[in-house]
Novice: 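Structure below; questions to follow.
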Amino acid sequence: MDINQPKQEHLLALKVMRLTKPTLFTNIPVTCEDRDLPGDLFSTLMKDDPSTVKGAEILMLGEMLTLPQNFGNIFLGETFSSYISVHNDSNQVVKDIQVKADLQTSSQRLNLSASTAVVAELKQDSCIDDVIHHEVKEIGTHILVCAVSYTTQTGEKMYFRKFFKFQVLKPLDVKTKFYNAETDEVFLEAQIQNITTSPMYMEKVSLEPSMMYNVTELNTVVRNGDGSSTFGTKSYLQPMDTRQYLYCLKPKPEFAEKAGVIKGVTVIGKLDIVWKTNLGERGRLQTSQLQRMAPGYGDVRLSIETIPDTVSLEEPFDITCKITNCSSERTMDLVLEMCNTNAIHWCGVSGRQLGKLHPSSSLHLTLAVLSSVQGLQSVSGLRLTDTFLKRTYEYDDIAQVCVVSSNVPA
């Protein structure tokens with residue numbers, strides 16, 4: 001949209017054109033059967049049409065390219081490029097010409113001119129050309145302000161501006177979900193939807209973790225030693241289509257044992273998304289730092305380190321627990337009690353003294369248990385008591401195990 005000042009007679013003319021990739025020319029083929037009245041007229045016309053593909057005239061796509069007919073849409077993450085030309089339409093020499101291009105957004109004003117140097121003179125029918133580029137990082141209204149100042153032969157200083165208003169649209173809708181595992185692992189699900197009107201080629205979708213985590217992408221399937229994308233070989237995202245990407249974050253070894261530190265970490269990292277559209281035009285978006293709700297472990301955390309997936313009915317099996325003092329300043333003296341449920345029966349002595357556990361430290365414990373009921377059973381019934389504060393912590397549904405008949409191999 002051109003919102004310019006009232007017209008004034010100037011010796012120079014300013015022209016601004018957005019630079020975008022061309023599009024493939026399309027035509028609408030018109031055909032009929034040979035026995036119809038036109039006969040082979042339409043077929044002959046399409047063969048003589050220079051825009052059609054020889055031997056495949058009925059295809060809508062031709063061999064020619066079409067230059068942009070309008071300003072078009074600009075999306076967040078794309079690079080805005082524009083050609084600026086100042087032409088001397090008069091019959092006299094103009095002096096001290098300066099061309100300046102600024103981009104006004106809702107939050108800032110940016111200078112896009114490659115050079116603001118003053119041109120000594122501009123003869124008639126000559127021009128000053130400039131190409132500007134800017135990676136769009138804000139959505140909403142943008143105004144390209146082009147200003148030209150010069151001096152006439154009589155010494156009169158002249159100045160004029162032109163304004164070009166355009167909207168920057170949002171190309172992708174990104175939603176994230178966090179899942180906190182029983183261990184310190186965090187799973188991130190990212191849902192990415194193409195909300196433009198044209199297909200996208202998804203070149204890269206990656207997660208850049210924060211300094212405390214290592215990340216593993218879970219978007220490939222390994223078959224016969226070769227990994228292939230879960231989305232297939234054609235990584236295209238059609239308009240309004242959505243893809244789900246999954247990532248697993250694990251604490252780095254130097255932070256894994258610091259329970260108090262990992263417990264309070266909310267910043268996970270940021271997504272880096274790169275795509276291509278019409279004829280390879282690239283766009284890139286990087287989210288802000290993704291934050292999760294820190295899990296509430298309380299003062300003492302009990303997690304399962306190892307447990308079998310399937311066990312036999314009424315046969316003992318071992319599980320390994322990790323008990324962590326999440327307090328940063330208080331030592332605990334712990335006692336372990338094991339309470340049986342309808343299906344789960346603990347083997348061993350209840351009321352074991354585990355001893356003192358210092359702040360942010362952990363201990364590993366192997367326990368034996370058996371199930372008297374078949375099916376998927378939840379492991380419950382562990383109690384930890386801090387004898388210093390006389391406080392008891394209950395742990396139920398800490399894991400699940402599939403119990404099968406003894407006649408079925410576990």
Novice: Kindly give the heavy-atom pair with the smallest separation between R109 and V145, and that separation in Å.
Specialist: NH2-CG1, 3.6 Å

Novice: Would you check if there is a donor-acceptor pair between the side chains of Q191 and E189 at a distance under 3.5 Å?
Specialist: yes

Novice: Please check if any side-chain donor atom of T105 sits under 3.5 Å from a side-chain acceptor atom of E138, or the reverse.
Specialist: yes

Novice: Look at the rings of F160 and H10 and say which category their plane angle falls in: under 30° parallel, 30 to 60° tilted, over 60° perpendicular.
Specialist: tilted

Novice: Give the intermediate values and the outcome of salt bridge (Lys or Arg N to Asp or Glu O under 4.0 Å) for residues E305 and K322.
Specialist: CA-CA 6 Å; E305 293 287 288; K322 180 181 179 181; 5.0 Å; no

Novice: Might you point out which heavy atoms bring D89 and A13 nearest each other, and give the distance in Å?
Specialist: OD2-CB, 3.1 Å

Novice: Tell me whether R352 at atom CZ has more than 12 heavy atoms from other residues, nucleotides or ligands lying less than 6.0 Å away.
Specialist: no

Novice: Give a yes/no verdict on a cation-pi contact between R243 and F231, requiring under 6.0 Å between NZ or CZ and the six-membered ring centre and an angle within 45° of the axis.
Specialist: yes

Novice: Of the non-hydrogen atoms in I344 and Q377, which two are nearest, and what is the gap between them?
Specialist: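 Nearest heavy atoms, I344 then Q377: CD1-CB, 4.3 Å.
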
Novice: Would you tell me whether T366 and D318 have side-chain atoms, one donor and one acceptor, within less than 3.5 Å of each other?
Specialist: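 Their side chains do not contain a donor-acceptor pair, so the 3.5 Å distance test is not met.
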
Novice: Output yes when D102 and R161 qualify as a salt bridge under the 4.0 Å nitrogen-oxygen rule, no when they do not.
Specialist: no

Novice: Show the nearest heavy-atom pair for residues S378 and Q400, with the distance to one decimal.
Specialist: OG-NE2, 3.5 Å

